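Atoms within a ligand are numbered from 1 in the order they appear, just like the ligands themselves. What you see is a predicted model; the values in this text were computed from it and never measured.
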Amino acid sequence: MNVQPKASHYINGRFVEDEGGRALDVLYPATGEVIAKLHAATPNIVELALEAARTAQGSWARMKPVERARILRRASDLLRERNAELSRLETLDTGKPLQETLVADAASAADALEFFAGAVQSFNGELVDLGGSFGYTRREALGVCVGIGAWNYPIQIAAWKSAPALAMGNAFVFKPSENTPLTALALAEIYTEAGLPDGLFNVVQGFGDVGAALVSHPVTAKVSVTGSVPTGKKVMGVAGSHMKHATMELGGKSPIIVFDDADLENAIGGAMLGNFYSSGQICSNGTRVFVQRALHDRFVERLVERTKTIRMGDPLDENVQMGPLVNGAQHAKVMEYIEAGKAEGATLVVGGNAPSMQGFDNGFFVEPTVFTGVTDQMRIAREEIFGPVMSVLSFDSEDEVIARANDTEFGLAAGVFTRDLPRAHRVIAELQAGTCWINAYNLTPVELPFGGYKASGIGRENGTAVLGHYSQLKSVYVETGDVDSPY
Ligand code: NDP
């Protein structure tokens with residue numbers, strides 16, 4: 001299998017190589033085979049990308065929003081036309097099954113481009129009546145924005161960040177995770193084909209040091225990171241020391257609360273989606289599943305039955321529902337957490353192994369795993385695992401479960417399953433989480449803002465809220481009378 005792109009980076013509307021950069025081998029996580037060989041950016045590549053962005057941004061920002069929108073919409077159409085090939089590439093890059101990538105990756109990127117093409121056209125400043133005189137506000141682009149991505153949703157992250165940034169008149173430089181560098185390059189080609197002027201969307205590859213160089217560069221006005229809390233803290237520190245805008249989409253340890261009046265099958269379906277989709281490598285996963293005591297045993301019994309039916313295997317087979325983790329390091333980390341769960345006294349009720357599959361002997365597979373009897377202090381209930389490991393905890397009362405759900409440094413997401421809707425809204429209002437679901441889990445339509453409370457993040461992606469985070473507000477006072485000066 002070979003999906004070697006024309007070059008490692010995409011700058012000013014074309015592919016660019018610099019073999020002086022550190023080697024970066026791309027693995028297919030299902031087999032461990034090298035499918036592309038790239039180079040991390042050198043300081044020269046970082047300079048070229050930021051300079052291309054800086055040069056292109058001014059005239060882009062002066063275009064009418066409707067003209068910018070037309071280009072984004074064309075790019076959205078191209079993403080949809082090429083969904084099959086982009087999904088295959090995303091599967092090879094991430095190991096996520098084609099069954100998922102066909103519906104959740106390039107398709108979600110296309111939604112973002114289409115949505116922000118529309119939303120930006122009515123995202124205006126306001127007119128303020130000052131009693132005779134008046135004021136108005138303008139929403140102006142920030143300039144050059146940098147995006148730094150995680151490995152789990154590479155093309156979606158690139159689009160969720162670049163679409164609102166470009167719609168608002170900014171230029172963009174994106175650094176994908178070094179684990180998954182391929183589909184951002186495909187997105188760059190599509191932007192160019194759709195008519196995006198050169199220099200407005202650039203991709204540079206690299207490790208954390210390249211991300212750090214992009215963030216601290218004087219040309220960069222804003223950074224948006226999707227990654228772990230430790231990385232977010234580092235980047236936020238650098239951005240703060242240079243007084244730059246920053247959005248942080250970070251990790252979580254989110255609660256799903258299942259009351260005993262919930263629809264059992266729906267609650268189990270939500271909990272499985274919130275733990276096993278993308279092999280559990282989703283920031284908003286509900287990895288602490290609190291089940292009210294009267295329902296607990298029936299919930300666990302059906303959960304185990306349904307978990308055993310998950311088809312794991314060849315990610316390119318559309319019948320397969322679960323693929324491997326992204327790489328060996330993540331695989332080792334998840335297996336270590338499974339051992340920690342056992343050692344701390346949780347009960348392993350299903351999964352827990354690293355299966356070896358014919359033809360995929362070197363793949364990074366971990367079975368969908370459920371622990372019961374988990375207590376709040378166990379590591380598997382406190383730390384983000386980023387793998388298919390669900391912890392089931394039981395509870396008695398509403399007040400108790402709210403307090404336990406909130407007892408974490410994270411605050412990305414939360415879900416509540418109940419047929420009692422007043423209770424659902426009451427509980428959601430008390431949960432310290434930025435992205436919540438009632439009787440559903442992990443649905444992230446681009447129309448709704450997405451992001452976290454507490455250590456899970458600052459700022460928002462999606463919805464019209466994100467347009468505020470890719471713009472700055474200018475206030476203009478207009479005098480209609482004489483200047484009232486005491487001098
Ligand atoms: P990391 O935090 O390890 O990396 C995120 C990105 O930041 C990578 O591109 C990384 O490069 C880069 N980076 C690392 N150090 C620096 C630095 N000092 N300055 C600038 N950039 C840097 O996250 P992962 O890629 O491991 O992704 C998993 C994490 O992402 C999980 O915690 C998960 O919860 C979170 N996540 C959050 C989401 C959200 O929207 N809230 C969505 C998806 C994931 P490199 O890879 O080369 O180290």
Side-chain angles (χ1 to χ4, degrees), residues 21-22 24-26 38 40-41 46 93-94 96 104-105 108 112 146-161 173-181 184 203-217 220 223-242 244 246-254 274 277-287 325-327 329-331 333-334 383-387 409-413 433-435 442 444 446 448-462 466:
R22 181 175 156 193
L24 197 163
D25 287 354
V26 188
L38 306 183
V46 169
D93 215 0
T94 60
K96 296 194 296 179
D105 291 82
S108 163
V146 163
I148 296 178
W151 73 66
N152 55 349
Y153 280 81
I155 197 167
Q156 182 195 82
I157 292 171
W160 278 17
K161 294 184 190 306
V173 178
F174 185 67
K175 189 201 86 65
S177 160
E178 95 273 1
N179 294 301
T180 54
V203 178
V204 300
Q205 308 294 352
F207 301 81
D209 59 326
V210 172
L214 288 167
V215 176
S216 57
H217 197 286
T220 302
V223 57
S224 174
V225 175
T226 296
S228 61
V229 171
T231 300
K233 285 180 178 168
K234 272 192 240 165
V235 176
M236 195 73 201
V238 175
S241 70
H242 294 272
K244 295 177 192 218
T247 294
M248 298 289 143
E249 294 297 344
L250 308 175
K253 192 74 200 175
S254 301
Y277 207 69
S278 300
S279 294
Q281 300 165 113
I282 298 186
C283 51
S284 49
N285 270 357
T287 45
L325 296 168
V326 75
N327 60 24
Q330 191 61 18
H331 186 266
K333 178 179 159 191
V334 172
E383 298 173 19
E384 186 182 42
I385 301 174
F386 225 54
E409 63 163 327
F410 299 111
L412 185 53
T435 306
N442 260 357
T444 52
V446 68
L448 261 181
F450 179 85
Y453 283 9
K454 301 197 284 190
S456 292
I458 290 184
R460 288 293 175 270
E461 302 212 283
N462 291 346
V466 72

Tell me: protein heavy atom nearest atom 9 (O) of ligand 1, and distance? Gly149 O, 2.8 Å
Within less than 4.0 angstrom of ligand 1, does Gly457 place any heavy atom? no
When distances are taken from atom 7 (O) of ligand 1, the protein heavy atom at minimum range is Ile148 CG2, 3.1 Å
Contact atoms of ligand 1, heavy-atom distance to Val235 under 4.0 Å: 19 (N), 20 (C)
Shortest protein heavy-atom distance from atom 47 (O) of ligand 1, along with the residue and atom involved: Glu178 OE1, 2.3 Å
Taking it one step at a time, do Glu461 and Lys161 satisfy salt bridge (Lys or Arg N to Asp or Glu O under 4.0 Å)? CA-CA 7 Å; Glu461 302 212 283; Lys161 294 184 190 306; 3.1 Å; yes
Please confirm whether Val225 approaches ligand 1 to less than 4.0 Å, judged on its heavy atoms. no
Which option, Trp151, Trp160, Phe207, owns the non-hydrogen atom nearest atom 25 (O) of ligand 1? Trp151
Give the atoms of ligand 1, by number and element, whose distance to some non-hydrogen atom of Ala212 is under 4.0 Å. 19 (N), 20 (C)
Should the proximity of Leu250 to ligand 1, defined as any heavy atom under 4.0 Å, be assigned to the side chain, the backbone, both, or neither? backbone
Ser284 near ligand 1, heavy-atom distance under 4.0 Å? no
Where ligand 1 meets Thr226 - atom numbers and elements under 4.0 angstrom, heavy-atom basis: 5 (C), 36 (N), 37 (C), 38 (C), 39 (C), 40 (O), 42 (C), 43 (C), 44 (C)
From Gly227, Cys283, Ala150 - option closest to atom 35 (C) of ligand 1 by heavy atom: Gly227
Sidechain N-carboxylate O distance under 4.0 Å for Asp209, Arg22: no
Return the closest protein heavy atom for atom 44 (C) of ligand 1 as residue, atom name and distance. Asn152 ND2, 3.5 Å
Numbered atoms of ligand 1 (with element) below 4.0 Å of Gly251, judged on heavy atoms: 32 (O), 34 (O)
Pairing residues for Thr231 by the side-chain hydrogen bond (donor to acceptor under 3.5 Å, both in side chains) criterion, not counting sequence neighbours: Ser228
Which residue from Thr231, Val326, Asn462 reaches closest to atom 3 (O) of ligand 1 through any of its heavy atoms? Thr231
Heavy-atom proximity to atom 23 (O) of ligand 1 ranks first, among Ser228, Ala239, Gly252, Pro154, for Ser228
Mind checking whether Tyr153 contacts ligand 1 via backbone (N, CA, C, O), side chain (CB onward), both or neither, at a 4.0 Å heavy-atom cut-off? neither
Quick check on Phe450 - does any of its heavy atoms sit under 4.0 Å from an atom of ligand 1? yes
Contacts of Thr247 that satisfy side-chain hydrogen bond (donor to acceptor under 3.5 Å, both in side chains) - sequence neighbours left out: Lys222
From the candidates Glu384, Lys234, Gln205, Glu461, the one that places a heavy atom nearest atom 34 (O) of ligand 1: Glu384
